[in-house]
> 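A single structure is presented below for examination.
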Amino acid sequence: MEIRPVRYDHPDALRLDEEVQQEYVRRYGGDGDVTPLAPEMFLPPHGLYLIAYEEGRPLATGGWRVQDDTASGYATGDAEIKRMFVVPTARGRGLARRILAALEADARAAGRTRMVLETGIEQPEALALYASSGYALVEKFGYFRTYESSRCMAKPLVGDV
């Protein structure tokens, strides 16, 4: 297993993004996650996008981006997780946990003070992963903050972590 940084517009990232969007549509209906994202948002030192590969096959993905938009409920110093996804055939192997740890370490090294994310009630495995990784529910923020099915979570990246 190899976890590599890639651009958010890399062909493997685009393919996995299509898969995660299909998963969102299956679970929530509608158009998937329409949060505006651009490849530049994930470029160091303002973010990072990772893909886990096994024998050349992309199996899991995740990224973080700087998010200081206090008008949308974020706090100065936040790093937001986006596009965490593991292909169904590779689930249960700890890939999401490994990517999450790498994203947290990178955001911490970039000087970010809190990791935040938004997920939903139709993703119980995501809620469980984040809770077991030290994330707690917080006041809603971001694009989906008005959605009833949305859950926002955060974890400090400084101090007692």
Side-chain angles (χ1 to χ4, degrees), residues 3 5 7-9 13 16-52 60-86 91-92 94-161:
I3 297 177
R7 283 184 51 96
Y8 181 64
D9 56 0
L16 289 174
D17 191 61
E18 286 178 24
E19 286 188 46
V20 73
Q21 292 296 340
Q22 291 170 10
E23 181 118 359
Y24 294 150
V25 170
R26 277 193 303 276
R27 292 183 187 221
Y28 298 98
D31 297 323
D33 183 351
V34 293
T35 303
L37 297 177
E40 298 75 29
M41 293 176 174
F42 299 98
L43 294 177
H46 304 290
L48 180 69
Y49 199 77
L50 300 173
I51 294 181
T61 185
W64 76 267
R65 64 179 178 159
V66 164
Q67 192 53 273
D68 291 321
D69 181 7
T70 57
S72 293
Y74 297 95
T76 301
D78 280 354
E80 183 181 29
I81 294 173
K82 295 301 293 178
R83 298 300 189 261
M84 288 288 293
F85 178 69
V86 178
R91 291 180 183 164
L95 297 177
R97 195 170 298 280
R98 287 180 58 191
I99 287 178
L100 182 61
L103 294 174
E104 290 173 354
D106 189 73
R108 187 179 297 110
R112 300 279 91 191
T113 57
R114 184 174 80 148
M115 189 67 92
V116 299
L117 62 96
E118 185 277 332
T119 189
I121 59 174
E122 299 300 327
Q123 295 169 265
E125 61 285 306
L127 289 164
L129 167 71
Y130 297 128
S132 71
S133 298
Y135 288 77
L137 291 172
V138 295
E139 187 173 335
K140 290 184 181 181
F141 52 78
Y143 189 87
F144 291 101
R145 67 187 174 274
T146 61
Y147 286 61
E148 187 62 34
S149 62
S150 173
R151 297 295 179 268
C152 292
M153 303 179 85
K155 176 181 179 178
L157 294 175
V158 295
D160 296 336
V161 291

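Since we're looking at a predicted model, the values are computed, not measured. The first residue in the sequence is number 1, and the count goes up from there.
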> ring-ring contact (aromatic ring centres under 6.0 Å, His included) with F144: which residues, sequence neighbours excluded?
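Listed in chain order: Y147.
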> By salt bridge (charged side-chain N to carboxylate O under 4.0 Å, His left out), which residues pair with R151, not counting sequence neighbours?
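Salt bridge (charged side-chain N to carboxylate O under 4.0 Å, His left out) check on R151 returns nothing, list empty.
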> Can you tell me how far CD1 of I99 sits from OH of Y49, rounded to the nearest 0.5 angstrom?
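Spacing of OH (Y49) from CD1 (I99) equals 8.5 Å.
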> Just to verify, what does S72 make a side-chain hydrogen bond (donor to acceptor under 3.5 Å, both in side chains) with, not counting sequence neighbours?
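Once residues adjacent in sequence are excluded, the partners of S72 under the side-chain hydrogen bond (donor to acceptor under 3.5 Å, both in side chains) criterion are D69.
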> Tell me, please, which residues at least two apart from T76 pass side chain to side chain contact (heavy atoms under 4.5 Å, CB included).
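Only D68, T70 meet the side chain to side chain contact (heavy atoms under 4.5 Å, CB included) criterion with T76.
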> Quick check: closest heavy atoms across E118 and S150, and the distance to 0.1 Å?
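Closest approach of E118 to S150: OE2-OG, 2.9 Å.
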> List the residues meeting side-chain hydrogen bond (donor to acceptor under 3.5 Å, both in side chains) with R27, not counting sequence neighbours, and say none if there are none.
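Expected list: E23, E125.
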> Which heavy atom of G62 sits nearest a heavy atom of L103, and at what distance?
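Scanning both residues completely, I find the closest heavy atoms to be C-CD1, 3.8 Å.
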> So, for M153 and A131, which heavy atoms are closest and what is the spacing to 0.1 Å?
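M153 and A131 have their closest heavy atoms at CE-N, 3.9 Å.
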> Over 60° means perpendicular and under 30° means parallel, so classify the ring planes of F42 and Y8, tilted if in between.
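Rings of Y8 and F42: tilted, as their planes differ by 30° to 60°.
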> Do M41 and V66 come close enough that some side-chain heavy atom pair is under 4.5 Å?
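They are not in contact (no side-chain heavy atoms under 4.5 Å apart), so the answer is no.
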> What residues, two or more places apart in sequence or in another chain, satisfy side-chain hydrogen bond (donor to acceptor under 3.5 Å, both in side chains) together with R145?
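Once residues adjacent in sequence are excluded, R145 has no partner under the side-chain hydrogen bond (donor to acceptor under 3.5 Å, both in side chains) criterion.
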> Measuring from atom CG of L37 to atom CZ of R65, what distance do you get when rounded to the nearest 0.5 angstrom?
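If we round to the nearest 0.5 Å, L37:CG and R65:CZ are 5.0 Å apart.
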> Write out all pairs satisfying ring pair (Phe, Tyr, Trp, His ring centres under 6.0 Å) with one or both partners inside residues 95-134, taking only residues at least two apart or from two chains.
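Only Y130-Y135 qualify under ring pair (Phe, Tyr, Trp, His ring centres under 6.0 Å).
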> Applying side chain to side chain contact (heavy atoms under 4.5 Å, CB included), can you list everything that pairs with R97, at least two apart in sequence or on another chain?
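With neighbours one apart ignored, the set is L129, S132, S133.
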> With ring pair (Phe, Tyr, Trp, His ring centres under 6.0 Å) as the rule and sequence neighbours excluded, what pairs involving residues 95-123 come up?
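Applying ring pair (Phe, Tyr, Trp, His ring centres under 6.0 Å) to every pair that reaches into residues 95-123, excluding sequence neighbours, yields nothing.
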> D106: which residues meet the side-chain hydrogen bond (donor to acceptor under 3.5 Å, both in side chains) condition with it, sequence neighbours left out?
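D106 satisfies side-chain hydrogen bond (donor to acceptor under 3.5 Å, both in side chains) with W64 once adjacent residues are dropped.
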> Evaluate the criterion side-chain contact (heavy atoms from CB on, under 4.5 Å) for residue pair D33 and K82; output intermediate values, then yes/no.
CA-CA 10 Å; D33 183 351; K82 295 301 293 178; 3.3 Å; yes
> Under the side chain to side chain contact (heavy atoms under 4.5 Å, CB included) rule, collect the residues that match up with A154, sequence neighbours excluded.
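A154 satisfies side chain to side chain contact (heavy atoms under 4.5 Å, CB included) with R114, V116, V138 only.
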> So, for A13 and I51, which heavy atoms are closest and what is the spacing to 0.1 Å?
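Closest heavy-atom pair between A13 and I51: N-CD1, 3.6 Å.
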> To the nearest 0.5 Å, tell me how far H46 NE2 sits from E40 CD.
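Between H46 NE2 and E40 CD, I get 12.0 Å after rounding to 0.5 Å.
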> To the nearest 0.5 Å, how far apart are CZ in R83 and CG in L50?
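Output value for this atom pair is 15.0 Å.
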> From C152 SG over to L137 CG, what is the distance, rounded to the nearest 0.5 angstrom?
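Atom-to-atom, C152:SG and L137:CG are 9.0 Å apart.
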> Please test Y28 against Q123 for side-chain contact (heavy atoms from CB on, under 4.5 Å), starting from the C-alpha separation and ending with a verdict.
CA-CA 10 Å; Y28 298 98; Q123 295 169 265; 2.9 Å; yes
> Please name the pair of heavy atoms, one in I3 and one in R98, separated by the smallest distance, quoted to 0.1 Å.
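Reported closest heavy-atom pair: CD1-CB, 3.9 Å.
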> Of the non-hydrogen atoms in A110 and P45, which two are nearest, and what is the gap between them?
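For A110 and P45, the tightest heavy-atom pair comes out as CB-O, 3.6 Å.
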> Begin with the C-alpha distance, continue with both residues' side-chain angles, and end with the deciding distance and a verdict on side-chain contact (heavy atoms from CB on, under 4.5 Å) for F141 and Q67.
CA-CA 11 Å; F141 52 78; Q67 192 53 273; over 6 Å; no
> CD of Q21 to CZ of F85: how many Å apart, nearest 0.5 Å?
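Answer rounded to 0.5 Å: 10.0 Å.
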> List for me each residue that meets side chain to side chain contact (heavy atoms under 4.5 Å, CB included) alongside V34, sequence neighbours excluded, and say none if there are none.
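Partners of V34 under the side chain to side chain contact (heavy atoms under 4.5 Å, CB included) test: D31, Y143.
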